[in-house]
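Report on one structure; see the data block that follows.
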Amino acid sequence: MQSKTLRKGQNEKTKEKKPAFAKYTAKDSVFTALFQDKKYLMQLYRALHPEDTKTTEDALMDITIRNVLTNGIYNDLGFRVGDRIMILVEQQSTWTMNIIVRAFMYVAQAYHDYSEAQDADLYGSRKVHVPEPEIYVVFTGERARRPQKVSLSEEFFGGKECSLEVKVTMLYGGEEKDIISQYVMFTKVYNEQVQRYGRTREAVTQTIRICRDRDVLREFLETREKEVISIMMALFDNEKIIRTYVENEKKEAAREAAKEAAKYTARKAAEKMLKGGKMSAEEIAEYFSDLSVEDVREIEKEMLQTV
(Lines give C-alpha, C1' and ligand atoms only; values in the text may rest on other atoms or scores of the structure.)
Protein backbone atom coordinates (compact mmCIF):
# COMPACT_ATOMS: atom_id res chain seq x y z
CA MET A 1 0.00 0.00 0.00
CA GLN A 2 2.86 2.29 0.88
CA SER A 3 4.64 1.59 -2.45
CA LYS A 4 1.43 2.42 -4.37
CA THR A 5 1.14 5.72 -2.51
CA LEU A 6 4.81 6.45 -3.20
CA ARG A 7 4.40 5.69 -6.90
CA LYS A 8 1.29 7.90 -7.04
CA GLY A 9 3.22 10.77 -5.44
CA GLN A 10 6.07 10.30 -7.91
CA ASN A 11 3.64 10.31 -10.86
CA GLU A 12 2.05 13.53 -9.62
CA LYS A 13 5.49 15.14 -9.32
CA THR A 14 6.33 13.96 -12.84
CA LYS A 15 3.11 15.54 -14.13
CA GLU A 16 3.93 18.79 -12.38
CA LYS A 17 7.39 18.87 -13.94
CA LYS A 18 6.12 18.20 -17.46
CA PRO A 19 7.16 21.33 -19.40
CA ALA A 20 4.67 23.45 -21.26
CA PHE A 21 5.66 24.90 -24.60
CA ALA A 22 4.56 28.16 -26.15
CA LYS A 23 2.42 27.74 -29.24
CA TYR A 24 4.04 28.32 -32.62
CA THR A 25 0.94 30.51 -33.16
CA ALA A 26 1.39 32.40 -29.88
CA LYS A 27 1.70 35.82 -31.53
CA ASP A 28 -1.37 35.17 -33.68
CA SER A 29 -3.33 34.19 -30.57
CA VAL A 30 -2.46 37.47 -28.84
CA PHE A 31 -3.39 39.40 -32.00
CA THR A 32 -6.82 37.78 -32.01
CA ALA A 33 -7.39 38.30 -28.27
CA LEU A 34 -6.22 41.91 -28.42
CA PHE A 35 -8.55 43.02 -31.18
CA GLN A 36 -11.57 41.05 -30.06
CA ASP A 37 -11.76 43.76 -27.40
CA LYS A 38 -13.54 46.75 -28.94
CA LYS A 39 -11.44 49.14 -26.89
CA TYR A 40 -8.29 48.05 -28.73
CA LEU A 41 -10.14 47.55 -32.01
CA MET A 42 -11.11 51.22 -31.78
CA GLN A 43 -7.45 52.13 -31.28
CA LEU A 44 -6.60 50.14 -34.40
CA TYR A 45 -9.23 51.98 -36.42
CA ARG A 46 -7.95 55.34 -35.13
CA ALA A 47 -4.42 54.37 -36.20
CA LEU A 48 -5.71 53.62 -39.71
CA HIS A 49 -8.06 56.63 -39.87
CA PRO A 50 -6.79 59.38 -37.56
CA GLU A 51 -8.92 61.90 -39.46
CA ASP A 52 -12.15 60.25 -38.27
CA THR A 53 -12.84 61.59 -34.78
CA LYS A 54 -16.61 60.92 -34.78
CA THR A 55 -16.85 57.15 -35.09
CA THR A 56 -17.47 55.36 -31.79
CA GLU A 57 -16.97 51.76 -30.65
CA ASP A 58 -20.66 51.06 -31.26
CA ALA A 59 -20.14 51.58 -35.00
CA LEU A 60 -17.54 48.79 -35.19
CA MET A 61 -18.93 45.39 -36.12
CA ASP A 62 -16.86 42.21 -36.04
CA ILE A 63 -16.95 40.37 -39.38
CA THR A 64 -13.94 38.11 -38.87
CA ILE A 65 -14.37 34.94 -40.92
CA ARG A 66 -14.32 31.95 -38.58
CA ASN A 67 -14.71 28.33 -39.61
CA VAL A 68 -14.61 26.25 -36.46
CA LEU A 69 -16.44 23.18 -37.77
CA THR A 70 -15.46 23.23 -41.44
CA ASN A 71 -12.32 23.47 -43.56
CA GLY A 72 -13.33 26.74 -45.24
CA ILE A 73 -11.31 29.96 -45.24
CA TYR A 74 -10.79 32.02 -42.11
CA ASN A 75 -8.89 35.22 -41.45
CA ASP A 76 -7.26 37.00 -38.51
CA LEU A 77 -9.49 40.06 -38.23
CA GLY A 78 -12.32 41.72 -40.07
CA PHE A 79 -14.58 44.55 -38.98
CA ARG A 80 -17.05 46.93 -40.51
CA VAL A 81 -17.39 50.63 -39.68
CA GLY A 82 -21.12 51.12 -40.02
CA ASP A 83 -21.97 50.54 -43.66
CA ARG A 84 -19.13 52.75 -44.91
CA ILE A 85 -15.93 50.75 -44.64
CA MET A 86 -15.01 47.08 -44.48
CA ILE A 87 -11.55 46.52 -43.00
CA LEU A 88 -9.70 43.23 -43.18
CA VAL A 89 -6.41 42.86 -41.28
CA GLU A 90 -3.95 39.95 -41.29
CA GLN A 91 -0.92 39.32 -39.12
CA GLN A 92 2.08 37.95 -41.02
CA SER A 93 5.59 37.15 -39.81
CA THR A 94 6.85 35.46 -43.00
CA TRP A 95 6.90 37.37 -46.27
CA THR A 96 4.68 35.89 -48.98
CA MET A 97 2.75 37.42 -51.84
CA ASN A 98 0.14 34.70 -51.49
CA ILE A 99 -1.46 36.93 -48.87
CA ILE A 100 -2.89 38.95 -51.77
CA VAL A 101 -4.77 35.93 -53.12
CA ARG A 102 -6.00 35.07 -49.63
CA ALA A 103 -7.10 38.69 -49.16
CA PHE A 104 -9.18 38.46 -52.34
CA MET A 105 -10.91 35.37 -50.95
CA TYR A 106 -11.54 37.11 -47.62
CA VAL A 107 -13.10 40.11 -49.37
CA ALA A 108 -15.31 37.89 -51.52
CA GLN A 109 -16.50 35.97 -48.45
CA ALA A 110 -17.04 39.18 -46.47
CA TYR A 111 -19.17 40.68 -49.27
CA HIS A 112 -21.11 37.43 -49.57
CA ASP A 113 -21.87 37.49 -45.84
CA TYR A 114 -22.78 41.19 -45.98
CA SER A 115 -25.17 40.66 -48.91
CA GLU A 116 -26.92 37.84 -47.11
CA ALA A 117 -27.19 39.85 -43.89
CA GLN A 118 -28.71 42.78 -45.83
CA ASP A 119 -30.93 40.45 -47.86
CA ALA A 120 -29.55 42.21 -50.94
CA ASP A 121 -31.07 41.29 -54.29
CA LEU A 122 -27.93 40.80 -56.39
CA TYR A 123 -30.01 39.76 -59.40
CA GLY A 124 -32.30 42.77 -59.31
CA SER A 125 -31.94 45.94 -61.41
CA ARG A 126 -31.43 48.22 -58.43
CA LYS A 127 -27.78 48.76 -57.47
CA VAL A 128 -27.02 47.32 -54.05
CA HIS A 129 -24.87 49.10 -51.48
CA VAL A 130 -21.47 47.66 -50.51
CA PRO A 131 -19.00 49.11 -47.98
CA GLU A 132 -15.63 50.28 -49.29
CA PRO A 133 -12.98 47.60 -48.68
CA GLU A 134 -9.61 48.23 -47.05
CA ILE A 135 -7.06 45.44 -46.73
CA TYR A 136 -4.05 45.56 -44.43
CA VAL A 137 -1.28 43.21 -43.37
CA VAL A 138 0.58 43.81 -40.12
CA PHE A 139 4.02 42.44 -40.99
CA THR A 140 6.11 41.52 -37.96
CA GLY A 141 9.18 40.11 -39.71
CA GLU A 142 12.24 42.06 -40.81
CA ARG A 143 11.10 44.91 -43.02
CA ALA A 144 14.34 45.40 -45.04
CA ARG A 145 13.09 47.06 -48.24
CA ARG A 146 9.56 45.74 -48.21
CA PRO A 147 6.99 47.80 -50.15
CA GLN A 148 4.26 49.94 -48.62
CA LYS A 149 1.64 48.42 -50.91
CA VAL A 150 1.35 45.22 -52.93
CA SER A 151 -1.16 44.43 -55.65
CA LEU A 152 -2.54 41.37 -57.42
CA SER A 153 -1.93 42.71 -60.94
CA GLU A 154 1.69 43.68 -60.22
CA GLU A 155 2.71 40.49 -58.48
CA PHE A 156 0.75 37.89 -60.44
CA PHE A 157 0.02 39.40 -63.86
CA GLY A 158 3.16 41.42 -64.59
CA GLY A 159 1.43 44.75 -64.06
CA LYS A 160 -1.08 44.20 -66.87
CA GLU A 161 -4.58 45.56 -66.50
CA CYS A 162 -6.99 42.75 -65.84
CA SER A 163 -10.55 42.19 -64.73
CA LEU A 164 -9.59 41.82 -61.10
CA GLU A 165 -7.41 43.96 -58.83
CA VAL A 166 -6.65 43.63 -55.13
CA LYS A 167 -4.40 46.07 -53.27
CA VAL A 168 -2.98 45.41 -49.82
CA THR A 169 -1.41 48.03 -47.54
CA MET A 170 1.49 46.74 -45.46
CA LEU A 171 1.80 47.93 -41.85
CA TYR A 172 5.22 47.62 -40.23
CA GLY A 173 4.81 49.69 -37.09
CA GLY A 174 7.11 52.59 -36.28
CA GLU A 175 8.39 54.91 -33.62
CA GLU A 176 4.90 56.13 -32.75
CA LYS A 177 3.08 54.41 -29.89
CA ASP A 178 -0.12 53.46 -31.72
CA ILE A 179 -1.60 50.01 -31.17
CA ILE A 180 -0.10 48.62 -34.41
CA SER A 181 3.44 49.65 -33.47
CA GLN A 182 2.95 48.27 -29.96
CA TYR A 183 1.83 44.91 -31.30
CA VAL A 184 4.80 44.73 -33.68
CA MET A 185 7.12 45.60 -30.78
CA PHE A 186 5.45 42.88 -28.67
CA THR A 187 6.23 40.25 -31.34
CA LYS A 188 9.87 41.38 -31.57
CA VAL A 189 10.32 41.16 -27.79
CA TYR A 190 8.72 37.72 -27.86
CA ASN A 191 11.08 36.55 -30.63
CA GLU A 192 14.07 37.76 -28.60
CA GLN A 193 12.89 35.92 -25.50
CA VAL A 194 12.23 32.71 -27.45
CA GLN A 195 15.80 32.85 -28.78
CA ARG A 196 17.00 33.16 -25.19
CA TYR A 197 14.69 30.72 -23.35
CA GLY A 198 13.18 28.60 -26.11
CA ARG A 199 9.41 28.19 -26.49
CA THR A 200 8.89 28.06 -22.74
CA ARG A 201 6.77 29.69 -20.07
CA GLU A 202 9.83 31.72 -19.11
CA ALA A 203 9.91 33.28 -22.59
CA VAL A 204 6.22 34.22 -22.29
CA THR A 205 6.44 35.70 -18.80
CA GLN A 206 9.61 37.63 -19.64
CA THR A 207 7.92 39.01 -22.77
CA ILE A 208 5.00 40.27 -20.69
CA ARG A 209 7.31 41.79 -18.05
CA ILE A 210 9.52 43.58 -20.60
CA CYS A 211 6.57 44.91 -22.59
CA ARG A 212 4.88 46.23 -19.45
CA ASP A 213 8.12 47.97 -18.42
CA ARG A 214 8.42 49.53 -21.89
CA ASP A 215 4.76 50.61 -21.95
CA VAL A 216 4.01 48.22 -24.82
CA LEU A 217 0.41 46.92 -24.62
CA ARG A 218 0.79 47.54 -20.91
CA GLU A 219 -2.87 47.96 -20.02
CA PHE A 220 -3.87 44.88 -22.01
CA LEU A 221 -1.11 42.77 -20.45
CA GLU A 222 -1.75 44.03 -16.91
CA THR A 223 -5.49 43.41 -16.93
CA ARG A 224 -5.36 40.09 -18.79
CA GLU A 225 -1.97 38.64 -17.88
CA LYS A 226 -3.27 35.18 -16.92
CA GLU A 227 -5.32 34.97 -20.10
CA VAL A 228 -2.38 36.07 -22.25
CA ILE A 229 -0.12 33.44 -20.67
CA SER A 230 -2.83 30.83 -21.16
CA ILE A 231 -3.40 31.57 -24.85
CA MET A 232 0.33 31.64 -25.56
CA MET A 233 1.02 28.30 -23.88
CA ALA A 234 0.20 24.72 -24.91
CA LEU A 235 1.50 21.23 -24.13
CA PHE A 236 0.87 20.28 -27.74
CA ASP A 237 0.23 22.91 -30.37
CA ASN A 238 -1.48 22.47 -33.71
CA GLU A 239 1.77 22.28 -35.62
CA LYS A 240 3.04 19.42 -33.47
CA ILE A 241 -0.27 17.58 -33.80
CA ILE A 242 -0.18 17.96 -37.58
CA ARG A 243 3.48 16.91 -37.73
CA THR A 244 2.74 13.79 -35.66
CA TYR A 245 -0.25 12.98 -37.84
CA VAL A 246 1.81 13.27 -41.04
CA GLU A 247 4.59 11.07 -39.61
CA ASN A 248 2.06 8.43 -38.58
CA GLU A 249 0.48 8.54 -42.02
CA LYS A 250 3.90 8.05 -43.63
CA LYS A 251 4.67 5.09 -41.37
CA GLU A 252 1.29 3.53 -42.10
CA ALA A 253 1.82 4.02 -45.84
CA ALA A 254 5.27 2.39 -45.58
CA ARG A 255 3.80 -0.58 -43.70
CA GLU A 256 1.06 -0.99 -46.30
CA ALA A 257 3.62 -0.79 -49.10
CA ALA A 258 5.76 -3.45 -47.40
CA LYS A 259 2.71 -5.68 -47.01
CA GLU A 260 1.80 -5.27 -50.66
CA ALA A 261 5.37 -6.00 -51.75
CA ALA A 262 5.50 -9.12 -49.57
CA LYS A 263 2.16 -10.31 -50.89
CA TYR A 264 3.25 -9.67 -54.51
CA THR A 265 6.44 -11.69 -53.96
CA ALA A 266 4.49 -14.52 -52.32
CA ARG A 267 2.00 -14.51 -55.19
CA LYS A 268 4.74 -14.86 -57.81
CA ALA A 269 6.33 -17.71 -55.87
CA ALA A 270 2.93 -19.42 -55.50
CA GLU A 271 2.37 -19.14 -59.27
CA LYS A 272 5.66 -20.98 -59.90
CA MET A 273 4.67 -23.72 -57.43
CA LEU A 274 1.27 -24.11 -59.10
CA LYS A 275 2.88 -24.34 -62.52
CA GLY A 276 5.03 -27.20 -61.17
CA GLY A 277 1.80 -29.06 -60.42
CA LYS A 278 3.22 -31.08 -57.55
CA MET A 279 1.63 -29.26 -54.58
CA SER A 280 -1.95 -28.54 -53.52
CA ALA A 281 -3.28 -25.08 -52.64
CA GLU A 282 -3.30 -26.08 -48.97
CA GLU A 283 0.35 -27.11 -49.05
CA ILE A 284 1.45 -23.96 -50.88
CA ALA A 285 -0.45 -21.70 -48.45
CA GLU A 286 1.52 -23.18 -45.57
CA TYR A 287 4.72 -21.67 -47.03
CA PHE A 288 3.40 -18.06 -47.11
CA SER A 289 1.95 -16.17 -44.15
CA ASP A 290 0.64 -13.50 -46.54
CA LEU A 291 -1.47 -15.95 -48.57
CA SER A 292 -4.48 -17.95 -47.45
CA VAL A 293 -5.70 -21.15 -49.08
CA GLU A 294 -8.44 -19.08 -50.75
CA ASP A 295 -5.79 -16.69 -52.13
CA VAL A 296 -3.84 -19.60 -53.67
CA ARG A 297 -7.00 -21.08 -55.20
CA GLU A 298 -7.87 -17.64 -56.66
CA ILE A 299 -4.38 -17.42 -58.18
CA GLU A 300 -4.82 -20.91 -59.63
CA LYS A 301 -8.21 -19.93 -61.08
CA GLU A 302 -6.76 -16.81 -62.71
CA MET A 303 -3.90 -18.84 -64.21
CA LEU A 304 -6.34 -21.32 -65.76
CA GLN A 305 -8.35 -18.43 -67.29
CA THR A 306 -5.27 -17.07 -69.04
CA VAL A 307 -4.28 -20.40 -70.54
Indicate, with yes or no, if M105 and M86 share a hydrophobic cluster defined by side-chain heavy-atom contacts under 4.5 Å among Ile, Leu, Val, Met, Phe, Trp and Tyr. yes
What's the shortest heavy-atom distance between A203 and G198, and which atoms? CB-O, 3.3 Å
Going by atom types alone, do Q182 and R214 pair a side-chain donor with an acceptor below 3.5 Å? no
Whether the Q109 and D113 side chains hold a donor-acceptor pair (N or O, under 3.5 Å, no angle test) is what I'd like checked. yes
Closest heavy-atom pair, S153 versus C162, reported as atoms and distance to 0.1 Å, is CB-SG, 4.3 Å
Is atom CD of E142 surrounded by more than 12 heavy atoms (other residues, nucleotides or ligands) closer than 6.0 Å? no
To the nearest 0.5 Å, tell me how far L171 CG sits from E90 CD. 12.0 Å
Rounded to the nearest 0.5 Å, what separates atom OG1 in T187 from atom CD in E192? 9.5 Å
Does R201 offer a backbone N or O that forms a donor-acceptor pair with the side chain of T205 under 3.5 Å? yes
Please answer: with hydrophobic residues joined when any side-chain heavy atoms are less than 4.5 Å apart, are L152 and M97 in the same cluster? yes
One pair to check against side chain to side chain contact (heavy atoms under 4.5 Å, CB included): C211 and L217. What are the steps and the verdict? CA-CA 7 Å; C211 287; L217 302 181; 5.7 Å; no
For the backbone of K188 and the side chain of N191, can you confirm whether one donor and one acceptor N or O come within less than 3.5 Å of each other? no
Nearest heavy-atom pair of S93 and Q91: which atoms, and what distance? N-OE1, 4.2 Å
Can you tell if the side chain of F79 reaches within under 4.5 Å of the side chain of T64, non-hydrogen atoms only? no
Side-chain contact, heavy-atom cut-off 4.5 Å: D37 with L41? no
E286 CD to E282 CD distance, which is reported to the nearest 0.5 Å: 8.5 Å
Any side-chain donor paired with an acceptor under 3.5 Å for Q43 and Y45? no
Can you tell me how far apart CD1 (I299) and NZ (K268) are? Round to the nearest 0.5 Å. 9.5 Å
Answer yes or no: is there a side-chain heavy-atom contact under 4.5 Å between R84 and P131? no
Any side-chain heavy-atom pair from I100 and K167 closer than 4.5 angstrom? no
Please confirm whether the backbone N or O of L44 pairs with a side-chain atom of H49, one donor and one acceptor, at under 3.5 Å? no
same_hphob_cluster(V101, I99) at 4.5 Å side-chain heavy-atom cutoff: yes
When you look at S115 and L122, which way does the side chain to side chain contact (heavy atoms under 4.5 Å, CB included) test go after all the steps? CA-CA 8 Å; S115 297; L122 299 179; 4.0 Å; yes
How far apart are the closest heavy atoms of T32 and D76, and which atoms are they? OG1-O, 4.5 Å
Check whether D178 reaches the backbone of A47 with its side chain - one donor and one acceptor, N or O, closer than 3.5 Å. no
Is it true that E219 and K39 have a side-chain N and a carboxylate O under 4.0 angstrom from each other? yes
Please test Y136 against V168 for side chain to side chain contact (heavy atoms under 4.5 Å, CB included), starting from the C-alpha separation and ending with a verdict. CA-CA 5 Å; Y136 301 91; V168 179; 5.9 Å; no
Check whether more than 12 heavy atoms from other residues, nucleotides or ligands sit under 6.0 Å from atom NE2 of H129, and answer yes or no. yes
Could you check whether any side-chain heavy atom of V89 comes within less than 4.5 Å of a side-chain heavy atom of F31, counting everything from C-beta outward? yes
Can you tell me if M185 has over 12 outside heavy atoms packed within less than 6.0 Å of its CE? no
Please say which of T53, D52, D58 ends up in a side-chain hydrogen bond (donor to acceptor under 3.5 Å, both in side chains) with T55. D52
Any side-chain heavy atom of V204 sitting closer than 4.5 Å to one from Y190? yes
Any side-chain donor near an acceptor of the partner, R209 and Q206, under 3.5 Å: yes
Here the gap from L221 atom CG to E227 atom CD, rounded to the nearest 0.5 Å, amounts to 11.0 Å
Output for pair (R143 CZ, F139 CZ), nearest 0.5 Å, gives 10.5 Å
Intermediate values then yes/no, side chain to side chain contact (heavy atoms under 4.5 Å, CB included), T140 and Y183: CA-CA 9 Å; T140 60; Y183 174 74; 3.9 Å; yes
When every non-hydrogen atom of V128 is compared with those of A120, the smallest separation belongs to CG1-CB, 4.0 Å
Short side-chain donor-acceptor distance under 3.5 Å, T169 and Q148: no
For residues L88 and V107, determine if any side-chain heavy atom of one lies less than 4.5 Å from a side-chain heavy atom of the other. yes
Test item: Y106 and I135 side chains (from C-beta on) under 4.5 Å apart, heavy atoms: no
Check for a donor-acceptor pair, side chain of Q92 on one end and backbone N or O of T94 on the other, with a separation under 3.5 Å. yes
Is the backbone N or O of I87 less than 3.5 Å from a side-chain atom of E134, with the two atoms forming a donor-acceptor pair by type? no
T207-Q193 side chain donor-acceptor pair, cut-off 3.5 Å: no
Test salt bridge (Lys or Arg N to Asp or Glu O under 4.0 Å) on R212 and E225 and set out the steps. CA-CA 10 Å; R212 284 165 55 182; E225 182 172 352; 2.8 Å; yes
Closest heavy-atom contact between I284 and A270? CG2-CB, 3.9 Å
Please determine whether a side-chain nitrogen of the Lys or Arg among R267 and E271 lies less than 4.0 Å from a carboxylate oxygen of the Asp or Glu. yes
Please check if Y197 and V194 belong to a single hydrophobic cluster, counting links between Ile, Leu, Val, Met, Phe, Trp and Tyr side chain heavy atoms closer than 4.5 Å. no
